[in-house]
*Asks:* 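One structure coming up, written as C-alpha cells, with questions to follow.
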Protein chains: 2
Amino acid sequence: MSETGYRETLRGEVIAKAGTLIEMEGLAALQARRIAREAGCAVGTLYNLFGDIDGLVVAVNAETLALLGASIGSAGVVLGTLSLEERLARLAMAYVDFALAHQRRWEAVFEHRLPEGRDAPASYLEDQDRLLGVIEAAIADFVPDANGQRGITARALFGAVHGIVALALDNRLGGRSLTELEQQVRLIVRLAAIGITRDNAVA
Amino acid sequence: MSETGYRETLRGEVIAKAGTLIEMEGLAALQARRIAREAGCAVGTLYNLFGDIDGLVVAVNAETLALLGASIGSAGVVLGTLSLEERLARLAMAYVDFALAHQRRWEAVFEHRLPEGRDAPASYLEDQDRLLGVIEAAIADFVPDANGQRGITARALFGAVHGIVALALDNRLGGRSLTELEQQVRLIVRLAAIGITRDNAVA
DNA sequence: ACCGCACATGAACTTCGTTCACTACGCAAT
DNA sequence: ATTGCGTAGTGAACGAAGTTCATGTGCGGT
C-alpha cells in the first residue's frame, strides 16, 4: 500500500510543478507542453497519468482544498470556550489568510470549470463537507439542529465569507481594499453572530 | 450622436447573438468562427469591432451588468417604509432571481478573466457603484455613514449574498439546493438585519 | 469618372489540447 | 540466456481555436 513506484513519484512531481506554476502565473499558464518540459517527461505521459489537462487541474485543486481544510481545521480545534463572534472570526480570518497566502492557487479552484458532463471527484465533496463540519461544530453551541438549520447556517456563513473574499480578490486587491476586505469580513461575522445570538426563535 | 450607422447596427447584432449564445451554451461556446457564422459576418470583422474575443465578452458582460443593475434598481425604488430585513430581502431576492433567470449569462460575468495586463472597462465599475448605491440607500436609515461604515456594510452585504448564490450555482443547483439557496439567503439577510439593528455601537 | 480611404473578408499562421503508432523496458517462462 | 509479452513512455502529427494581414470592395469627395 505504501509502495511509491516510479509512477506515483512522477505523478507527485508533476502535481507539484503544476502547483507552483499555478501559484506563480495562474491557471492559464498550465499548458501541456510546458508542464511536460518542466517536469521532464513527454506530453503523452501527462495523459497517461491524468487523462487530460482538466484531470491535472483537478489533482492540483484537490491538493489546494486539502491545504485549506488543514488550515481551517487547525483554526477550528482551538475555539475552546470563545464567544460565537470570536469563533466565527477565527475561522473566517483563517480562510482569508489562506486565500491571500495562496492567491492564484486558490483562485484556480473556483476559476476552473470542468467540461459539461463531468463532475468533480469525491474528494472535493469530502473536503467541502469537512469544512462545513468545522463550521457546524463551531456554531453547535448556539444553533439548534432542527430541520437541518445548523447545516443551512454553516453553508450560509461560509458562502457569505467566501463571496466577500472572492469579490475582493477579483478587484485584484489594489491598495486599501486589503484592509477593507478584513473590515467587511469582520463586519459580516459580527452581524451574523449578533443575529444568531438574538434570534433563537428560528423560523 | 444618435446616428446608428451600419457599424453600430452590426455591433449590436453581434452582441445580441453572442448574448443568446452564452445564455444557451455558456461562455465556452463563444468562438470566433461560430459567432461570425451566426452573425453573418467574417471573423476579421469581429476583430475590427471588438479587438479580440475578450472584447466581445466584455461587451456582453457589460450588457448583463446593466440588466442586473436595472433589476436591482427597480427593486430598490419600492422599498418605501419597509423594515430593514424586508428591504434587504427584496434586494437579495432580486439578485437571486436575476441570477437564476439568466444563469449562464450571469456566470459568464464572473467566469471570464481578462488577460494579465488589461483591466475592466469603466462601465463595470460604474455598474458596481450603482448597485452599491442602491444597497447604501436601502440601509441609509439604519447605518450611519461615519468612516465609510455604510459603504463597507453595503459591500459586505453584497458580497455575502453573492457568495451564497455563486456557490449554489456552482453545485449546478441539483434538486433541493434551489430551496436551500433561498433559505440561506433569507437567513443571512435576517441575521444581518438583526445584527445591524441591535448594533448601533459600531466599532 | 476618378481617386482614396476605411473597412469587410477569409485564407493562412500560431498555439493550444489531444491522439496514437511506435518504442523501450521489465518480468516471467522456457 | 533468450524469447515473448504487456505495460507505459514518447513525440510527431492532427484538429480546433484565436489571431493576423494581404487583398478586395464600396462609398464619399473632387
Side-chain angles (χ1 to χ4, degrees), chain A residues 3-19 21-22 24-61 104 108 111-121, chain B residues 1 3-19 21-22 24-61 104 108 111-118 120-121:
Chain A
E3 273 289 358
T4 60
Y6 171 64
R7 246 195 114 114
E8 283 70 29
T9 305
L10 180 58
R11 196 182 146 90
E13 281 172 19
V14 171
I15 294 180
K17 287 278 183 193
L21 229 173
I22 286 182
M24 310 228 294
E25 304 185 34
L27 189 57
L30 249 245
Q31 297 157 358
R33 288 167 229 274
R34 188 160 173 196
I35 298 287
R37 178 158 35 85
E38 302 202 1
C41 70
V43 206
T45 303
L46 296 180
Y47 285 81
N48 287 336
L49 289 172
F50 301 99
D52 56 11
I53 290 291
D54 288 314
L56 173 55
V57 176
V58 164
V60 175
N61 284 351
R104 317 195 85 140
E111 186 177 340
H112 179 64
R113 305 266 179 243
L114 30 157
E116 203 66 23
R118 260 159 80 191
D119 36 27
Chain B
M1 187 61 170
E3 273 289 0
T4 60
Y6 171 64
R7 251 194 109 115
E8 282 71 29
T9 305
L10 180 59
R11 197 183 145 90
E13 282 173 18
V14 171
I15 294 180
K17 286 277 182 194
L21 229 174
I22 287 182
M24 311 228 293
E25 305 185 32
L27 190 55
L30 250 243
Q31 297 159 357
R33 288 167 231 272
R34 189 162 173 195
I35 297 287
R37 177 158 37 83
E38 302 203 2
C41 70
V43 210
T45 304
L46 296 179
Y47 285 81
N48 288 335
L49 289 173
F50 301 98
D52 56 12
I53 289 291
D54 288 315
L56 173 55
V57 176
V58 164
V60 174
N61 284 351
R104 318 193 86 140
E111 186 177 340
H112 179 65
R113 304 266 180 243
L114 31 155
E116 203 65 26
R118 262 159 77 191

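In the text below, chain A, chain B and the rest are named by the order of the sequence lines, each starting its count at 1.
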*Asks:* Give one of base, sugar-phosphate or nothing for B:L30, where a contact means two heavy atoms less than 4.0 Å apart.
*Replies:* sugar-phosphate

*Asks:* Tell me, which pairs form a side-chain hydrogen bond (donor to acceptor under 3.5 Å, both in side chains) where one or both residues lie in residues 35-50 of chain B, sequence neighbours left out?
*Replies:* B:R34-B:E38

*Asks:* Could you grab the distance from atom CG of A:L30 to atom CD1 of A:I22, nearest 0.5 Å is fine?
*Replies:* 4.0 Å

*Asks:* Heavy-atom contacts under 4.0 Å between residues 31-38 of chain B and DNA chain D, which residues?
*Replies:* B:Q31, B:A32, B:R33

*Asks:* Donor-acceptor pair, distance only, cut-off 3.5 Å: does the side chain of B:R11 make one with the backbone of B:L49?
*Replies:* yes

*Asks:* Would B:E25 and B:R104 pass as an ion pair if we require N to O under 4.0 Å?
*Replies:* no

*Asks:* Could you tell me the separation between the CG atom of B:L21 and the CD1 atom of B:I35, rounded to the nearest 0.5 Å?
*Replies:* 5.0 Å

*Asks:* Looking at side-chain heavy atoms only, is the closest gap between B:H112 and B:D54 below 4.5 Å?
*Replies:* yes

*Asks:* With side chains defined as the heavy atoms from C-beta onward, is the minimum distance between B:F50 and B:V58 less than 4.5 Å?
*Replies:* no

*Asks:* So A:R118 and A:D52, do their side chains get closer than 4.5 Å, heavy atoms only?
*Replies:* yes

*Asks:* Could you write out each protein N or O paired with an N or O of nucleotides 20-23 of chain C at a distance under 3.5 Å?
*Replies:*
none

*Asks:* What is the distance from CZ of B:F50 to P of C:dA8, rounded to the nearest Å?
*Replies:* 11 Å

